[in-house]
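The model shown is predicted, which means the values in this text are computed figures rather than measured ones. What's counted below: heavy atoms across the whole structure, side chains too, no hydrogens, waters or symmetry copies. Residue numbers begin at 1 in each chain, while the letters A, B, ... track the order of the sequences.
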Protein chains: 2
Amino acid sequence: MGERRTRNQERILKVMKGLMQPTSAQDLYIQLRNHEYTIGLATVYRSLDALKVDGLVQVRTLPSGESLYSLPQEDRHHLTCLRCGNSILITECPVHDLEDELQSHHKFRIYYHTLEFFGLCPSCQAKEDAAADAPSL
Amino acid sequence: MGERRTRNQERILKVMKGLMQPTSAQDLYIQLRNHEYTIGLATVYRSLDALKVDGLVQVRTLPSGESLYSLPQEDRHHLTCLRCGNSILITECPVHDLEDELQSHHKFRIYYHTLEFFGLCPSCQAKEDAAADAPSL
DNA sequence: CTTCCTGCAAAGAGTTTGCATCAAA
DNA sequence: TTTGATGCAAACTCTTTGCAGGAAG
């Protein structure tokens, strides 16, 4: 895969290894500056994009439109409440066989997948149901 | 669930039924205007948000940050190329048992899930590999 | 020397918010 | 009347692009 990592790409990978959790581009920018690396925000985005295409970094875009970047990790999924936004980490994942099948069938080189569940948490279910029962307050 | 649909929410659902495919808020805005509905873009967003929380509409946020809205449909997933962005529709899905389990275990009311695969398509694999082999052009 | 990388600032895209008005009960 | 819905425009956030200078081979 597209070898040649630039100095800043290396730095980004290094910082991400220290963080060990999905991080936004803007947060990475701050982290890098804290590590005494002078770098521009645009370079962070450009570097992340290059790393992404080579499968060295994976991306999960939130409903807010913000993207979280992380090192490739298996089976980190979420169950998220559509109302309050709280989410629970899910580490079970039954898609590996399908992934293998897709890879050979479509001749793609699959780097990773995302699996996210959405609904209402117990607390927000109560709020929603209450709102439905008592329409006029 | 939060009953009371507003006039505009009803119109949005109606137009979405006619479209039968994931659509951006901005496109929906245009469609609604074509249907002779005078509506503001902000109202489209507010209505979609209300419908989302009630599970009547589901959302998929693209890496670009744009959100696509659709009526609840089972098993519409994608295999997307990280380089050229082309994607293939995947209708197989092995997560239903897990979904049931999560629903009862966490007491969530799950409305839907997203499952997306990312990698390189055959064509872009070739381009990437070529770039790696011949670093200096 | 030539090519790609980088930083800064400006521009862009999509979405959200403030506020006055309007509709519904 | 009272509450929530709506439209418009302004404001915001995250991301991308233009460009001149700098590093790398």
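One can place CZ of A:R7 at 16 Å from C1' of C:dT3, the figure rounded to the nearest angstrom. Rounded to a whole Å, the CD atom of A:E10 is 19 Å from the P atom of D:dA23. Remark: P of D:dC14 and CG of A:L48 are 15 Å apart, rounded to the nearest angstrom. In this entry the distance linking OH of A:Y37 with P of C:dG7 reads 13 Å, nearest Å. Between the CG atom of B:L32 and the P atom of D:dG7 there is a distance of 10 Å, given to the nearest Å. Spacing between atom NZ of A:K52 and atom P of D:dT15 amounts to 11 Å, rounded to whole angstrom units. When rounded to the nearest whole Å, the span between CD1 of A:I39 and C1' of D:dA23 equals 15 Å. The separation between A:Y29 atom OH and D:dT15 atom C1' is 14 Å, rounded to whole Å.
Summarising the geometry of A:V44 relative to A:A25, their closest heavy-atom pair is CG1-O, 3.7 Å, with the distance given to 0.1 Å.
Between the side chains of A:E99 and A:H113, a donor-acceptor pair is found at a separation under 3.5 Å.
Atom CG of B:D97 has 12 or fewer heavy atoms from other residues, nucleotides or ligands within 6.0 Å.
Base contact: A:T43 has a heavy atom under 4.0 Å from a base atom. Residue contacts shown for B:R11 are absent, as no nucleic acid heavy atom lies under 4.0 Å away.
Put simply, the side chain of A:R76 reaches to within 4.5 Å of the side chain of A:L89, judged on heavy atoms. You'll find the side chain of A:L115 stays beyond 4.5 Å of the side chain of A:I90, heavy atoms only. Considering only heavy atoms from C-beta on, B:L48 stays 4.5 Å or farther from B:Q9 through its side chain. Residues B:Q26 and B:L41 have side chains in contact (heavy-atom distance under 4.5 Å, counting atoms from C-beta outward).
Applying the 4.0 Å criterion to OP1 and OP2 of D:dA23, one finds that A:N8 has every side-chain N and O outside that range. Put simply, A:T38 has no side-chain N or O that comes within less than 4.0 Å of OP1 or OP2 on C:dG7.
Taking the centre of each ring, B:F118 and A:Y112 come in below the 6.0 Å mark.
Under 4.0 Å is where a charged nitrogen must lie from a carboxylate oxygen, and between A:D49 and A:K52 at least one such pair does.
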Given protein heavy atoms under 4.0 Å, the one-letter contact record of nucleotides 14-21 of chain C, with B base, S sugar-phosphate only and - none, is simply SBBBB---

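Overall, the helix from C:dC1-D:dG25 to C:dA25-D:dT1 carries an axis bend of 30° between its ends, with five pairs at each end and the value rounded to 10°.
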